[in-house]
There are 2 protein chains.
Amino acid sequence: MSTDKREHILTEAEKLFAEKGFDGTSVRDIAHNAGVNLAMISYYFGSKEKLLESLIELRAGYTIGILEELNKDQTLSPWDKIERLVEYYVNKIITNIPFHNIMHQQALNARSVEIKDLIMSIKLRNVEQVRKIFTDGLQKGVFRQVDIEMTMGSIMGTISQYTISRDFGCRVLHIEQTNEETYRAELAIRLKAHLKQLLKAHLGIKDGEK
Amino acid sequence: MSTDKREHILTEAEKLFAEKGFDGTSVRDIAHNAGVNLAMISYYFGSKEKLLESLIELRAGYTIGILEELNKDQTLSPWDKIERLVEYYVNKIITNIPFHNIMHQQALNARSVEIKDLIMSIKLRNVEQVRKIFTDGLQKGVFRQVDIEMTMGSIMGTISQYTISRDFGCRVLHIEQTNEETYRAELAIRLKAHLKQLLKAHLGIKDGEK
DNA sequence: TTGAATTAAACAAACGTTTAATTAAAATAT
DNA sequence: ATATTTTAATTAAACGTTTGTTTAATTCAA
């Protein structure tokens, strides 16, 4: 079983799940779009649900390492780390919108306990790393007293808001709906600028402060 | 055809759609939970999809009036209006989590053009009303220069973040998972306090300023 | 007695998965 | 190197359910 073909099927499934939802996508859809026989899905992954698990495990592996490195870095000030965090998260989600879409829909309505637990563990692990950055800044007195969990929610929620539905984003943000690439680029720029300004004020960072 | 029974079916469908998703809920599920015969769904609503449209129209009618009134009110300062807006949105979503969940999943993956358009028009109408509050505050020089659309995204996104998945919210916010009511109450309090603090700093409102 | 409400049964289509047969590739023996 | 055996990959077809919707008969209320 070639890894190439496995990943190709997962990539095609990712597109379909993101567009039509997990339940709205049939195994025949996936097989047809990937150009493989229907039975190969069960042969490779065991079931449609296991295929989703495989996809999540494939895509979610990368993130946690980056956050751990960011936390370890002693040369960066707490505010520097927040800026890096914003840059990283915006880039990551913008370049993986379909997968982020799937995670979102499964967080909403996953009926499989395995999927629920998998997503929960991934999200909690990331949350703990981000929380460290905030508690560190608070302890050092660099940040104003804030609700850390809610502030994390604002970061993730803001990014999700316009990435999830492009049609809505285009209409509200007044971006030409023609090109997918230009939309992403413009969205990333505005998200980063906005979140930095928002968090700087919220955390009470003075201009020019390190 | 009694309106009571119609609304009863819609309420039961709402619960199921929120829990298992639109595609994950069968018409037989709905009929069984509502205690009516399977054929009554088609008889009342025409189809499963039309049922969803009916549900959205039933629930979404209320919001826009409140926002229009808020905008008209000449006695309130721009910042007062923002505070009212936060109060209103948090209350509205917290007390209608299942419906909000459905709107969210349909914004992600709706395959029906009618549903897509319906949701888009509802969201855009609300966005325009909220935008007015911000542009008003900016023109009067009460608010700092900010990205209005992104700021609106932060408000909606923050509220969505923990309302969408209660399991996740409980784990991150350290709220006992036992009682649904206490979770909602606690979440509402923290959301309102956080959003007011966040927006006050972001918009550059001085303490004690009206 | 007329029209609406309700029912059980049936409909064809689509679903995820499995089967059994066939082809391709790899491993082993000659 | 060639032939043979063994394993893996791929296929078309079928499996039994479940899906949303409709039908035709029956009950209920006006």
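In what follows, every chain begins at residue 1, and chains take the letters A, B, ... in the order their sequences are listed.
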Note to self: Testing Val113(A), Ile56(A), Leu52(A) one by one against Leu118(A) for a side chain to side chain contact (heavy atoms under 4.5 Å, CB included), which residue passes?
What the structure shows: Ile56(A)

Notebook entry, point to check: Roughly, in whole Å, what's the span from NZ in Lys20(B) to C1' in dT19(D)?
Noted result: 13 Å

Checklist line | Among dA9(C), dT10(D), dA13(D), the one nearest Lys5(A) by side-chain distance | finding: dT10(D)

Notebook entry, point to check: Can a salt bridge be assigned to the pair Lys20(B) and Asp29(B) using a cut-off of 4.0 Å between side-chain N and carboxylate O?
Noted result: yes

Item checked: Closest nucleotide among dT22(D), dT21(D), dT17(C) to the Val27(A) side chain -> dT17(C)

Note to self: With a 4.0 Å limit, can you tell me whether Tyr43(A) has a side-chain N or O closer than that to the phosphate oxygens OP1/OP2 of dT17(C)?
What the structure shows: no

Note to self: Looking only at side-chain N and O atoms, does Thr75(A) offer a donor or acceptor that is under 3.5 Å from a partner on Asp73(A)?
What the structure shows: yes

Margin query: On DNA chain D, does the nearest nucleotide to Val36(A) precede the nearest nucleotide to Arg28(A) from the 5' side, or the other way round? Give the residue.
Written below: Val36(A)

Check: Within this structure, what is the CZ-to-P distance between Arg6(A) and dT10(D), rounded to whole angstrom?
Finding: 13 Å

Next item on the list: Tell me what Ile41(B) touches on the nucleic acid: a base, only sugar-phosphate, or nothing, going by heavy atoms under 4.0 Å.
Entry: nothing

Item checked: Test: Glu180(A) and Arg166(A) ion pair at under 4.0 Å -> yes

Check: So what does Ser26(A) touch, heavy atoms closer than 4.0 Å: a base, only the sugar-phosphate, or nothing?
Finding: sugar-phosphate

Checklist line | Interatomic distance, His32(A) NE2 vs dA14(C) C1' [rounded to whole Å] | finding: 16 Å

Next item on the list: Send over the distance from Phe17(B) CZ to dG20(D) C1', rounded to a whole Å.
Entry: 12 Å

Next item on the list: Would you mind reading off the distance between Asp23(B) atom CG and dG16(C) atom P, rounded to a whole angstrom?
Entry: 11 Å

Margin query: Classify Lys50(A) by what it touches in the nucleic acid, base, sugar-phosphate, or nothing, heavy-atom distance under 4.0 Å.
Written below: nothing

Notebook entry, point to check: Taking atom P of dA4(C) as reference, at what distance in whole Å does atom CG of Asn37(B) sit?
Noted result: 19 Å

Checklist line | Distance in angstrom units between Arg111(B) CZ and dT19(D) P, rounded | finding: 15 Å

Notebook entry, point to check: Using 30° and 60° as the class limits, which term best fits the ring planes of His202(A) and His194(B): parallel, tilted or perpendicular?
Noted result: perpendicular

Margin query: Please pick, from dA13(D), dT10(D), dT6(C), the nucleotide with the shortest atom-to-atom distance to any side-chain atom of Tyr44(A).
Written below: dT10(D)

Check: Leu38(A) has an atom CG; how far is it from atom P of dA20(C), in whole Å?
Finding: 17 Å

Notebook entry, point to check: Would one find a side-chain N or O of Lys48(B) under 4.0 angstrom from OP1 or OP2 of dT19(D)?
Noted result: no

